[in-house]
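Okay, so here's the structure we're looking at.
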2 protein chains.
Amino acid sequence: MHAPDPARPASPTSRDRPAVTLREVAQRAGVSMITVSRAINTPQQVSERTRERVQEAVSALGYVPNLVAGGLRSARSHVVTALVPTLTGPLFGGMVQALTDALELRGFQVMVGQVGYAHSREDELLRAIVGRRPDGIVLTGVMHSPEGRRLLMASGIPVVETWDFTDTPIDMLVGLRHEALGAAVCEHLFAKGRRRLALLSGGDERAARRAQGFEAAAMRLGLRPPAMRLGKSPTTHADGRAGLMALLADMPDIDAVFCSSDMLALGVLTEARVRGIAVPQQLAVMGFGDIDFAETVSPALSTVRIDGTRMGQTAAQWIADRAEGKAVAQPVVDIGFSIVERGSS
Amino acid sequence: MHAPDPARPASPTSRDRPAVTLREVAQRAGVSMITVSRAINTPQQVSERTRERVQEAVSALGYVPNLVAGGLRSARSHVVTALVPTLTGPLFGGMVQALTDALELRGFQVMVGQVGYAHSREDELLRAIVGRRPDGIVLTGVMHSPEGRRLLMASGIPVVETWDFTDTPIDMLVGLRHEALGAAVCEHLFAKGRRRLALLSGGDERAARRAQGFEAAAMRLGLRPPAMRLGKSPTTHADGRAGLMALLADMPDIDAVFCSSDMLALGVLTEARVRGIAVPQQLAVMGFGDIDFAETVSPALSTVRIDGTRMGQTAAQWIADRAEGKAVAQPVVDIGFSIVERGSS
DNA sequence: CTGAAAGCGCTTACAG
DNA sequence: CTGAAAGCGCTTACAG
């Protein structure tokens with residue numbers, strides 16, 4: 001299906017003259033280096049005539065300031081690093097977007113790093129990140145590795161943990177209690193008359209705690225133990241299909257399934273349709289995350305929504321405030337969750 | 001649904017002692033700074049006894065080398081920046097993952113930046129990125145802005161454009177021809193006996209060129225002009241549902257729809273099912289991207305697959321080679337595409 | 001409004 | 001195997 005193109009060898013040297021520096025701009029403009037720096041960063045401190053001459057030199061030479069050098073001296077990188085388990089999934093995109101937008105307005109650039117759910121490379125990645133001295137670090141989930149906690153605390157860099165809750169945050173925290181969420185979903189299904197519950201869950205820590213909360217609530221309500229199937233994270237549509245099959249093989253009479261992600265829930269919806277199981281009449285299905293198309297599938301997916309935008313905005317404000325030397329009044333916030341009832345339950 | 005937590009004011013000063021530097025490690029170990037540097041970066045150049053003393057000091061003080069300072073002096077940042085239109089969509093995740101994995105093995109860290117499809121902030125973001133002097137820049141799509149092209153070419157930084165094709169790349173390019181792809185899909189549908197084609201497309205440039213190729217092929221084949229509906233990017237499931245409704249309102253007898261993304265195609269599948277239109281009997285549906293669950297929806301989605309992993313690996317190798325001073329033999333590659341035939345067509 | 005000197009924390013280049 | 005000096009490209013802190 002493809003025809004390779006004729007070779008066009010790229011010479012590494014042809015584009016490799018050294019970058020233009022402040023010194024060259026200063027020479028061309030006939031002023032000192034510090035004056036060029038001011039003309040660029042704090043133009044109101046410089047006379048109009050000087051400003052114009054500097055601007056001419058900047059344009060003529062194509063000068064792009066080396067922000068790394070500036071950051072080294074001023075001890076302000078204007079970079080904030082966000083770590084997410086996966087870039088592919090839909091869950092964290094909204095938070096990162098909000099974080100990026102809010103920090104950009106305050107002069108920061110957000111760089112995203114991918115950790116994976118496995119955490120094997122986490123400490124190593126953390127050293128690479130701390131070594132670049134960002135002005136803030138946003139973590140997805142709480143940090144458990146003692147080594148990682150020590151590293152971050154010792155670094156002095158403002159840290160925001162998100163998407164989870166703990167009484168011992170490294171620094172700041174905006175998140176939610178997943179056990180409470182699981183329990184609330186269970187109570188919701190109970191209130192809707194469901195009695196024979198099932199649970200389909202990915203293997204990450206937050207999903208596991210949602211599962212615990214769900215199960216505990218079922219016991220409190222006097223229900224029989226939920227049929228459970230635990231898999232791995234990230235979860236897929238295929239896992240959802242296979243999961244419903246397995247649950248039905250174990251307990252054919254289940255009347256509700258809580259899935260640890262919307263993607264799993266969509267797989268369950270597909271499998272139910274293929275098998276002729278009526279949703280929600282025979283089986284209620286609930287997801288987690290409120291993926292953007294949960295509302296437009298058919299039946300529309302009931303789910304639990306987390307305000308990722310607010311999480312991102314909160315983290316942005318905290319980090320920008322700290323970078324400007326302001327204290328954060330309330331650096332631990334539980335943003336909660338909301339159950340979104342749609343056609344599938 | 002949520003109860004705010006008791007306030008726990010965070011003092012910005014409590015965590016703000018300055019970071020440990022090489023000098024302090026050197027003093028504690030009783031050696032010079034350069035010896036500490038060697039013990040960390042090229043341990044084979046240092047005696048075992050010295051190495052041990054340095055390691056003791058590093059651990060005791062919790063030293064994390066400042067990579068920014070090192071990068072400034074050595075003119076090697078070991079950072080590669082990738083720019084994607086959106087972090088939320090599924091399309092670019094595989095490429096970024098492959099890029100990250102491959103570059104990590106060669107000692108680089110990948111930072112991802114989000115550009116959006118609008119390109120309004122593109123030049124500004126580019127200056128912020130070039131200003132940090134990464135060892136490579138990976139772009140999604142080809143760069144058109146003359147200002148952006150000039151900036152990147154003048155920077156001397158290795159640049160790889162991806163996901164598209166042009167005869168005038170900035171530097172290196174691994175991508176595909178979207179017009180050819182659109183034409184191939186049209187010919188495929190024709191070969192399957194479809195004659196009354198329709199097209200549902202997002203508004204980004206590559207989608208527009210797939211649409212052009214599709215339409216041109218239809219005319220060459222002597223078909224009637226495809227029913228077309230063009231929207232915006234990123235595309236959504238809801239756009240797919242609304243799009244099929246609109247296409248049917250225009251031309252009720254269409255027998256095939258090519259969608260510019262799998263997400264649109266999934267919306268079309270949902271809308272078709274709700275309306276009782278049999279897929280693929282009455283209507284063939286094809287997507288683009290081979291999203292991870294295209295295979296497990298029902299009917300399974302026919303689509304076009306791009307090898308994002310290979311694109312990411314290729315870009316990684318080129319950039320790492322260039323950073324090591326090697327020339328890249330064939331810096332322009334068309335990786336093509338493959339049509340994946342499943343149940344929906 | 002402008003500038004000379006010092007310094008951010010490392011690595012390079014040279015020397016022994 | 002080890003080190004003293006210089007320098008990467010900026011900004012800070014001081015001075016006028």
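Reminder, nothing fancy here: chain letters follow the sequence lines and each chain counts from 1.
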Self-check item: Per A/Leu22 side chain, nearest of listed nucleotides C/dT11, C/dT2, D/dC10
Solution: D/dC10
Exercise. Quick one: label B/Val31 by what it contacts on the DNA or RNA (base, sugar-phosphate, nothing), any heavy atom closer than 4.0 Å.
Key: sugar-phosphate
Quiz item: Any idea how A/His78 and A/Phe108 line up, ring-wise: parallel (<30°), tilted (30 to 60°), or perpendicular (>60°)?
Solution: tilted
Exercise. Return no unless some side-chain N or O of A/Thr50 is found under 4.0 Å from OP1 or OP2 of C/dT2.
Key: yes
Practice problem: Return the value, rounded to whole Å, for the distance between atom CZ of A/Arg23 and atom C1' of D/dG9. | Solution: 9 Å
Quiz item: Is the shortest side-chain N/O distance from B/Ser74 to OP1 or OP2 of C/dT11 below 4.0 Å?
Solution: no
Exercise. May I have the distance from B/Gln44 (atom CD) to D/dC1 (atom P), rounded to whole angstrom?
Key: 9 Å
Quiz item: For D/dA4, which nucleotide is its Watson-Crick or G-U wobble mate, given both distances must be under 3.5 Å?
Solution: none
Quiz prompt | Given D/dA4, C/dC1, C/dG3, the nucleotide with the shortest approach to the side chain of A/Ser47 | solution = C/dC1
Self-check item: Between D/dC10 (P) and A/Ile40 (CD1): distance, integer Å
Solution: 8 Å
Quiz item: Rounded to the nearest Å, what distance is computed from the OH atom of residue A/Tyr63 to the C1' atom of nucleotide D/dG9?
Solution: 7 Å
Quiz item: Reckon A/Ser32 has a side-chain N or O less than 4.0 Å from the OP1 or OP2 of C/dA4?
Solution: no
Exercise. Evaluate side chain to side chain contact (heavy atoms under 4.5 Å, CB included) for A/Leu103 paired with A/Gln109, printing each intermediate quantity in order.
Key: CA-CA 7 Å; A/Leu103 281 172; A/Gln109 200 185 344; over 6 Å; no
Quiz prompt | Nearest to side-chain heavy atoms of A/Ile34, which nucleotide of D/dC10, C/dT2, C/dG3 | solution = C/dG3
Exercise. Determine, for A/Arg49 against A/Glu52, whether the closest basic-nitrogen to carboxylate-oxygen distance falls under 4.0 angstrom.
Key: no
Quiz item: Just how far, in rounded Å, is C1' of D/dC1 from CZ of B/Arg51?
Solution: 11 Å
Quiz prompt | Distance below 4.0 Å between B/Thr35 side-chain N/O and D/dG3 OP1 or OP2 | solution = yes
Quiz prompt | Whole-Å distance separating the CZ atom of A/Arg132 from the P atom of C/dG9 | solution = 17 Å
Self-check item: Side-chain N,O (B/Asn41) to OP1/OP2 (C/dT11) below 4.0 Å
Solution: yes
Quiz item: For B/Pro169, which of B/Met143, B/Glu161, B/Arg149 qualifies under side chain to side chain contact (heavy atoms under 4.5 Å, CB included)?
Solution: B/Glu161
Quiz item: Are any of the side-chain nitrogens in B/Asp321 or B/Arg106 under 4.0 Å away from the carboxylate oxygens of its partner?
Solution: yes
Quiz item: When the nearest nucleotide of DNA chain D is assigned to A/Gly71 and to B/Val46 on a heavy-atom basis, which residue is associated with the more 5' position?
Solution: B/Val46
Practice problem: Answer yes when A/Asp135 and A/Arg322 have at least one side-chain N-carboxylate O distance shorter than 4.0 Å, and no when they do not. | Solution: no
Quiz item: Quick one: on DNA chain C, does A/Leu72 or B/Ser37 contact a more 5' nucleotide (nearest heavy atom)?
Solution: A/Leu72
Exercise. Starting at atom CZ of A/Arg49, determine the distance to atom P of C/dT2, rounded to an integer number of angstrom.
Key: 9 Å
Quiz item: Out of D/dG7, D/dG9, D/dT2, which has the shortest distance to the side chain of B/Arg73?
Solution: D/dG7
Quiz item: What is the distance, rounded to the nearest whole Å, between atom CE of B/Met33 and atom C1' of C/dA13?
Solution: 15 Å
Quiz item: A/Arg38 side chain: which of D/dC10, C/dG3, C/dT12 is closest?
Solution: C/dG3
